[in-house]
Asks: 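Here it is, the structure, as structure tokens.
Reckoned from all heavy atoms, side chains included, excluding hydrogens, waters and symmetry mates.
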Amino acid sequence: MYDTESAQQTIIHAMQENMFAHMLFFPERLSSFSVVKAQGLTLVDSGMDDDTFNLVFNTRLKDHALDIVESTVDYFKRESLSFAWWVGPDDVPITLPELLAQVGLKLSEKNVGMYLPIAENAFEQGELRVERVLDATQMQDFAQIMIDVLGDTPAIKAYYQKLVDFPFSQDDYEQLYVGYLDETPVTCGMLTLHSKVAGIHSLATVRNQQNKGFGTAMVQELLMRAQMAEYAVAVLQAEKRAMHLYEQLGFDSICDFYVYTLDR
């Protein structure tokens with residue numbers, strides 16, 4: 001179904017647009033964040049010194065590329081903020097990694113873009129009770145998992161505190177889910193229904209419950225919900241250590257994403 005170059009390029013483009021929508025959902029809706037779309041890129045400033053929440057992506061530079069890269073990096077330096085510059089398959093110029101290195105950024109992470117046709121697949125419902133996050137209590141459970149996995153830092157705690165009273169809606173394209181073992185929140189994930197693909201993001205399992213299949217159960221649940229919403233393809237960006245989980249579910253690799261950060 002997706003064995004031609006044209007079909008694969010369509011998936012890659014949709015995957016990137018889905019990722020951008022995921023990255024922007026909360027920043028565009030939280031007053032403490034600043035989002036700038038100008039000069040051929042998108043910049044997110046959370047006001048917090050953490051490269052999880054300060055981002056540059058969707059880079060489409062033509063003229064004066066180096067000058068724009070330098071000015072973007074200088075902005076975060078002036079603000080004394082860590083940030084991450086994401087580089088994807090469609091980014092321009094093709095020499096963007098070299099330009100980032102020229103201004104002092106270093107490759108800190110590589111993620112593999114993966115996809116799975118889901119329209120005709122069957123997915124198992126696991127032992128977990130999975131709830132969609134629509135209220136403050138569920139958001140607190142989601143945050144508890146993410147803080148356990150990402151680290152109990154001031155920036156991470158502050159970010160998730162901002163979401164406790166977020167006005168979630170059934171109509172949101174960004175959907176958060178929590179998996180409960182009995183009454184204990186043990187795993188979570190996000191489903192981004194955007195750009196005609198179902199994006200799986202922010203999959204996490206609390207450290208004392210890892211390697212028990214809960215992450216796989218959450219992915220299965222998200223894939224089932226994407227099917228119910230009549231999406232035909234699921235996409236994600238996987239760290240190398242997690243690729244085997246997705247390969248076991250049938251995901252195939254299709255492209256790479258690179259994350260550059262500034263040593264401080």
Side-chain angles (χ1 to χ4, degrees), residues 5-115 159 173-174 190 192-197 199 201-202 235-239 254-264:
E5 182 176 353
S6 174
Q8 291 187 357
Q9 288 300 317
T10 297
I11 293 293
I12 290 171
H13 179 72
M15 178 186 298
Q16 291 174 101
E17 293 298 315
N18 184 280
M19 184 180 76
F20 301 154
H22 164 71
M23 289 174 163
L24 287 171
F25 182 79
F26 288 117
E28 289 187 326
R29 291 161 176 81
L30 292 172
S31 59
S32 58
F33 277 67
S34 175
V35 176
V36 178
K37 300 177 182 178
Q39 293 188 302
L41 52 79
T42 300
L43 181 153
V44 175
D45 176 358
S46 70
M48 299 180 291
D49 186 19
D50 192 306
D51 60 24
T52 305
F53 309 118
N54 303 317
L55 305 168
V56 181
F57 55 90
N58 195 17
T59 308
R60 305 292 188 267
L61 304 179
K62 295 182 180 179
D63 298 328
H64 311 293
L66 180 57
D67 291 340
I68 295 172
V69 168
E70 287 180 329
S71 65
T72 303
V73 173
D74 286 344
Y75 168 83
F76 284 107
K77 285 182 177 179
R78 288 195 307 272
E79 300 295 322
S80 298
L81 297 174
S82 303
F83 73 100
W85 196 311
W86 281 71
V87 178
D90 286 349
D91 281 350
V92 176
I94 195 171
T95 57
L96 180 59
E98 287 81 3
L99 297 181
L100 298 180
Q102 191 171 334
V103 297
L105 273 66
K106 294 185 178 180
L107 178 64
S108 62
E109 183 181 330
K110 175 184 174 182
N111 291 277
V112 179
M114 307 182 77
Y115 77 101
Y159 174 73
Y173 70 77
E174 185 85 330
M190 293 186 184
T192 306
L193 301 177
H194 196 279
S195 304
K196 299 183 179 179
V197 292
H201 303 280
S202 301
V235 297
L236 53 85
Q237 296 80 45
E239 296 180 5
I254 194 170
C255 62
D256 294 318
F257 294 87
Y258 302 91
V259 183
Y260 289 81
T261 55
L262 187 66
D263 280 349
R264 297 173 60 197

Asks: Is any side-chain heavy atom of Val44 closer than 4.5 Å to one of Met23?
Replies: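 SC-SC contact between Met23 and Val44 ruled out.
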
Asks: Can you tell me which residue pairs pass the salt bridge (Lys or Arg N to Asp or Glu O under 4.0 Å) test with a partner in residues 71-86, sequence neighbours excluded?
Replies: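 Pairs touching residues 71-86 that pass the test: none.
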
Asks: Holding to salt bridge (charged side-chain N to carboxylate O under 4.0 Å, His left out), I want the full list of residues that pass it with Lys62, two or more places apart in sequence or in another chain.
Replies: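 By the salt bridge (charged side-chain N to carboxylate O under 4.0 Å, His left out) rule, Lys62 matches no residue at all.
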
Asks: How far does OG1 of Thr261 sit from CG of Leu100, to the nearest 0.5 angstrom?
Replies: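 Going from OG1 on Thr261 over to CG on Leu100, the span is 10.5 Å.
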
Asks: Can you list the residues that meet the side chain to side chain contact (heavy atoms under 4.5 Å, CB included) rule with Thr52, with sequence neighbours excluded?
Replies: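 If we apply the side chain to side chain contact (heavy atoms under 4.5 Å, CB included) test to Thr52, skipping adjacent residues, the hits are Asp50.
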
Asks: Can you see which heavy atom on Asn18 is nearest to which on Gly199, and at what distance?
Replies: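 Looks like OD1-CA, 3.3 Å.
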
Asks: What residues form a salt bridge (charged side-chain N to carboxylate O under 4.0 Å, His left out) with Arg29, not counting sequence neighbours?
Replies: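 Arg29 satisfies salt bridge (charged side-chain N to carboxylate O under 4.0 Å, His left out) with no other residue.
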
Asks: For residues 82-102, which residue pairs pass the salt bridge (Lys or Arg N to Asp or Glu O under 4.0 Å) check, not counting sequence neighbours?
Replies: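 Matches after skipping sequence neighbours: Arg60-Asp91.
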
Asks: Kindly compute the distance separating CE (Met114) from CG (Asp256), expressed to the nearest 0.5 Å.
Replies: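 Separation between the atoms: 11.0 Å.
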
Asks: Do Val73 and Glu70 make a side-chain contact, defined as non-hydrogen atoms from C-beta onward lying under 4.5 Å apart?
Replies: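 No, their side chains stay 4.5 Å or more apart.
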
Asks: Quick check: closest heavy atoms across Pro97 and Tyr260, and the distance to 0.1 Å?
Replies: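 Scanning both residues, the minimum pair turns out to be CB-OH, 3.2 Å.
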
Asks: Would you give the length of the straight line joining atom CG of Leu236 to atom CE of Met190, rounded to the nearest 0.5 angstrom?
Replies: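 Reported to 0.5 Å precision, the distance equals 14.5 Å.
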
Asks: Rounded to the nearest 0.5 Å, what separation is found between the CZ atom of Phe33 and the CZ atom of Phe26?
Replies: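 Phe33 atom CZ to Phe26 atom CZ measures 10.0 Å (nearest 0.5 Å).
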
Asks: For Tyr258, what residues pass the ring pair (Phe, Tyr, Trp, His ring centres under 6.0 Å) criterion, not counting sequence neighbours?
Replies: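 Applying ring pair (Phe, Tyr, Trp, His ring centres under 6.0 Å) to Tyr258 gives none.
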
Asks: Could you tell me whether a side-chain N or O of Ser46 sits under 3.5 Å from a main-chain N or O of Met48, the two making a donor and an acceptor?
Replies: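 A pair under 3.5 Å: yes.
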
Asks: In Å, rounded to the nearest 0.5 Å, how long is the span from OG1 of Thr10 to NE2 of His13?
Replies: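 One gets 8.5 Å once the value is rounded to the nearest 0.5 Å.
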
Asks: Do Met19 and Trp86 have side chains that approach each other closer than 4.5 Å (heavy atoms only, starting at C-beta)?
Replies: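 Heavy-atom side-chain distance check passes, below 4.5 Å.
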
Asks: By salt bridge (charged side-chain N to carboxylate O under 4.0 Å, His left out), which residues pair with Glu239, not counting sequence neighbours?
Replies: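 In terms of salt bridge (charged side-chain N to carboxylate O under 4.0 Å, His left out), with neighbours along the sequence ignored, Glu239 is linked to Arg241.
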
Asks: The criterion is ring pair (Phe, Tyr, Trp, His ring centres under 6.0 Å); which residues satisfy it with Phe57, sequence neighbours excluded?
Replies: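 Scan of Phe57 (ring pair (Phe, Tyr, Trp, His ring centres under 6.0 Å), adjacent residues dropped) gives Phe20.
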
Asks: Quick one, Trp85 with Thr59, criterion side chain to side chain donor-acceptor pair (under 3.5 Å). Give me CA distance, side-chain angles, the key distance, then yes/no.
Replies: CA-CA 9 Å; Trp85 196 311; Thr59 308; 3.0 Å; yes

Asks: Take Phe76 and Asp51, measure what side chain to side chain contact (heavy atoms under 4.5 Å, CB included) needs, and give me the verdict at the end.
Replies: CA-CA 10 Å; Phe76 284 107; Asp51 60 24; over 6 Å; no

Asks: Holding to ring pair (Phe, Tyr, Trp, His ring centres under 6.0 Å), I want the full list of residues that pass it with Phe53, two or more places apart in sequence or in another chain.
Replies: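 By the ring pair (Phe, Tyr, Trp, His ring centres under 6.0 Å) rule, Phe53 matches Tyr159.
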
Asks: Give me each pair satisfying side-chain hydrogen bond (donor to acceptor under 3.5 Å, both in side chains) with a member in residues 35-45, each pair once, sequence neighbours excluded.
Replies: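 Residue pairs with at least one partner in residues 35-45: Glu28-Lys37, Asp45-Tyr75.
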
Asks: Identify the two heavy atoms, one from Leu61 and one from Gly40, that lie closest to each other, and give their separation to 0.1 Å.
Replies: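 Shortest heavy-atom separation between Leu61 and Gly40 comes out as CD2-O, 3.7 Å.
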
Asks: Show the nearest heavy-atom pair for residues Asn54 and Ser82, with the distance to one decimal.
Replies: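 The answer is ND2-O, 2.8 Å.
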
Asks: Supply the atom-to-atom distance Leu43 CG to Asn58 CG, rounded to the nearest 0.5 angstrom.
Replies: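 Answer for the CG-CG pair, Leu43 versus Asn58, is 12.0 Å.
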
Asks: State, to 0.1 Å, how close Ala84 and Val259 come at their nearest heavy-atom pair, and which atoms those are.
Replies: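 What the structure gives for the nearest pair is CB-CG1, 3.7 Å.
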
Asks: Counting N and O atoms only, with roles assigned by atom type, does the side chain of Asn111 sit under 3.5 Å from a partner on the main chain of Phe257, one being a donor and the other an acceptor?
Replies: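 The answer is no, because no donor-acceptor pair under 3.5 Å joins these two groups.
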
Asks: Check side-chain hydrogen bond (donor to acceptor under 3.5 Å, both in side chains) between Thr95 and all other residues, then give those that pass, not counting sequence neighbours.
Replies: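 Result, side-chain hydrogen bond (donor to acceptor under 3.5 Å, both in side chains) vs Thr95: none returned.
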
Asks: Give the minimum heavy-atom separation between Ser195 and Ala14, together with the two atoms involved.
Replies: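 Where Ser195 meets Ala14 most closely, the heavy atoms are O-CB, 3.6 Å.
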
Asks: Write out all pairs satisfying salt bridge (Lys or Arg N to Asp or Glu O under 4.0 Å) with one or both partners inside residues 9-19, taking only residues at least two apart or from two chains.
Replies: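 For residues 9-19: none.
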
Asks: Please test Leu262 against Val103 for side chain to side chain contact (heavy atoms under 4.5 Å, CB included), starting from the C-alpha separation and ending with a verdict.
Replies: CA-CA 9 Å; Leu262 187 66; Val103 297; over 6 Å; no

Asks: Would you indicate whether the side-chain heavy atoms of Gln237 and Met15 approach each other to under 4.5 Å?
Replies: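 Contact flag for Met15/Gln237 side chains = yes.
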
